[in-house]
2 protein chains.
Amino acid sequence: MTVATQRVAEHLRRAILGGHIAPGERVRQEDIAQQLGASRLPVREALQMLAAEGMIEHEPNKGARVPWLSMHEVDVMYKMREQLEPLALAESMPFLTPGDLLRLEEIQDEIEAGVEVEQFLALDREFHLRTYSACGIDHLTSTVTRLWNSTQYYRRAFMHLSGPSRRWVVNAEHRLLMDALGRGDEVDAGRFLAGHIRRTRIELNRHPEVFGED
Amino acid sequence: MTVATQRVAEHLRRAILGGHIAPGERVRQEDIAQQLGASRLPVREALQMLAAEGMIEHEPNKGARVPWLSMHEVDVMYKMREQLEPLALAESMPFLTPGDLLRLEEIQDEIEAGVEVEQFLALDREFHLRTYSACGIDHLTSTVTRLWNSTQYYRRAFMHLSGPSRRWVVNAEHRLLMDALGRGDEVDAGRFLAGHIRRTRIELNRHPEVFGED
DNA sequence: CTGCCATGCATTGGATCCAATTTCCACCCC
DNA sequence: GGGGTGGAAATTGGATCCAATGCATGGCAG
């Protein structure tokens with residue numbers, strides 16, 4: 001099953017991550033199948049995968065849709081990130097290559113050059129996930145990635161309404177993190193990372209309108 | 001798709017959790033389909049789900065098998081538990097009913113009455129997962145459950161070779177946890193829980209033979 | 001005019017069928 | 001006797017087909 005199923009799953013992940021399929025929107029099997037020139041079967045298998053990943057909700061005979069998350073749910077998911085990502089970083093750090101660190105520099109330089117929201121989201125995501133990339137524990141990296149995937153929609157909404165003002169904080173925190181990475185100081189890096197995530201969470205909590213809650 | 005698929009997935013989870021399908025063992029689609037009186041299609045969809053949950057490994061054209069985990073992988077997964085379960089407990093605790101606490105008493109009494117390994121594994125699992133049951137954050141409970149599911153095989157192997165001697169420690173820690181739960185002291189409960197998980201992890205690390213590593 | 005019910009259409013769930021790949025074995029050659 | 005090659009059986013991957021369920025539209029009655 002795998003080859004077509006993986007293609008479809010990757011396509012759907014990108015579509016949801018890119019905001020082309022919004023929460024609440026229904027995902028029709030036939031539509032996706034035609035878009036990718038496949039039959040419905042790999043689509044159905046991909047939907048099962050994404051359902052297990054939490055990116056899709058599946059009700060019997062009613063089809064698949066992207067789930068809405070409440071502010072509280074996202075809040076807890078950020079708390080999960082605050083717990084897990086320092087661990088992933090600690091596991092990954094010893095195996096990061098100079099090339100990895102150089103790539104981080106490039107990404108951060110690009111972010112600071114001033115990019116649009118969409119590109120910022122992509123670069124920020126790549127920045128963080130790359131710091132975990134050498135971790136080698138599948139269960140850990142996939143769990144972290146899932147948390148990023150499922151909350152991306154709300155991060156985008158938040159970025160759009162908060163404007164570029166808070167980029168300064170992000171940049172400062174990223175630079176602090178990179179400095180700790182360069183020194184190989186795992187404790188320091190973990191602390192800055194946790195703070196970075198926690199601050200973001202607290203800011204998100206001040207914007208209930210992102211979740212349609214006021 | 002869901003009804004048959006869910007049935008198959010649940011069957012496979014139980015089979016793997018119960019040790020009836022061991023790591024490295026291949027899972028043939030046709031076999032499962034016949035066992036459950038279904039066609040291969042729901043089986044394939046269920047396998048995709050379990051693959052996304054990490055309970056199954058799927059290689060294109062080579063079929064599905066239960067993955068082996070290294071000692072290091074399990075070690076990190078226990079670290080994940082140590083980070084996540086206190087969070088799950090904190091989210092769940094305010095909503096635990098007196099009935100829930102009573103059920104915990106029952107379980108713990110049964111454990112202390114002296115049960116066989118298989119029953120201990122089931123009761124211990126129910127004990128902990130029940131303390132998180134009121135949490136209400138799907139992504140959190142499912143992540144924690146996944147960690148339990150994927151490491152069950154090694155917990156069983158460990159219990160079988162370590163004998164019932166260390167039950168005393170488990171019982172003491174469970175009682176401490178229950179006391180904190182009864183008092184509604186989330187900080188205390190989280191601390192005891194983290195210690196409980198960490199101690200188990202450290203003990204596991206002293207038994208590389210569980211993982212076929214010496 | 002409004003609300004309910006029924007019928008028809010759209011969509012999903014499940015089974016069967018066919019093609020492609022792998023795996024296992026036997027046989028042959030070195 | 002051991003290792004490699006060929007082929008057949010087993011197994012998986014993908015498509016098509018049919019049944020069942022849900023949804024929407026329209027008609028009918030109050």
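In what follows, every chain begins at residue 1, and chains take the letters A, B, ... in the order their sequences are listed.
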Sugar-phosphate only, base, or nothing, as touched by A:Val8 at under 4.0 Å among non-hydrogen atoms: nothing
Nearest listed nucleotide, side chain of A:Thr5, among D:dG14, C:dT22, C:dA15: D:dG14
Contact list (N/O, under 3.5 angstrom) for nucleotides 5-10 of chain C vs protein:
none

Atom-pair distance (CG on B:Leu41; P on D:dA19), nearest Å: 17 Å
Protein-nucleotide distance (A:Leu36, atom CG; D:dG14, atom P), rounded to Å: 13 Å
Nearest-nucleotide pick for B:Arg26, side chain only, options being D:dC23, D:dT12, C:dT22: D:dT12
Criterion side-chain contact (heavy atoms from CB on, under 4.5 Å) on B:Met178 and B:Phe127, from CA distance to verdict: CA-CA 10 Å; B:Met178 288 165 62; B:Phe127 180 91; 3.7 Å; yes
Minimum-distance nucleotide to A:Ala4 side chain [options: D:dA15, C:dT21, D:dG14]: D:dG14
Side-chain atoms of residues 87-104 of chain B: list all donor-acceptor pairs with protein atoms under 3.5 Å, sequence neighbours left out, distances to 0.1 Å.
unit_1	atom_1	unit_2	atom_2	d
B:Glu91	OE1	A:His72	NE2	3.2
B:Ser92	OG	B:Thr131	O	2.7
B:Ser92	OG	B:Ala134	N	3.2
B:Thr97	OG1	B:Gly99	N	3.3
B:Thr97	OG1	B:Asp100	N	3.1
B:Thr97	OG1	B:Asp100	OD2	3.2
B:Asp100	OD2	B:Thr97	N	3.0
B:Arg103	NE	B:Glu126	OE2	3.1
B:Arg103	NH1	B:Glu106	OE1	2.9
B:Arg103	NH2	B:Glu126	OE1	3.2
B:Arg103	NH2	B:Glu126	OE2	3.2

Contacts of B:Ser70 that satisfy side-chain hydrogen bond (donor to acceptor under 3.5 Å, both in side chains) - sequence neighbours left out: B:Glu73
Candidates C:dT22, D:dT12, C:dA15 - which lies nearest the side chain of B:Lys62: C:dT22
Whole-Å gap separating P (D:dT12) and CZ (B:Arg65): 10 Å
Pair B:His128 + B:His174: ring centers closer than 6.0 Å: yes
A:Asn149, CG: over 12 other non-hydrogen atoms inside 6.0 angstrom: yes
Whole angstrom value for the distance that separates P of C:dT12 from CD of A:Glu45: 16 Å
B:His58 NE2 - C:dT22 P separation (whole Å): 13 Å
Minimum-distance nucleotide to B:Asn61 side chain [options: D:dT12, C:dA15, D:dG14]: D:dT12
d(CD, B:Gln34; P, D:dT11) in whole Å: 10 Å
Between P of C:dT12 and CZ of A:Arg44, the distance in whole Å: 10 Å
Listed nucleotide nearest any side-chain atom of B:Arg40, set C:dT11, C:dC17, C:dA15: C:dC17
Pair A:Glu203 + A:Arg206, salt bridge at N-O below 4.0 Å: no
Nearest-Å distance for atom pair CG/C1', residues B:Leu47 and D:dG14: 16 Å
A:Glu116, CD atom: more than 12 neighbouring heavy atoms under 6.0 Å: no
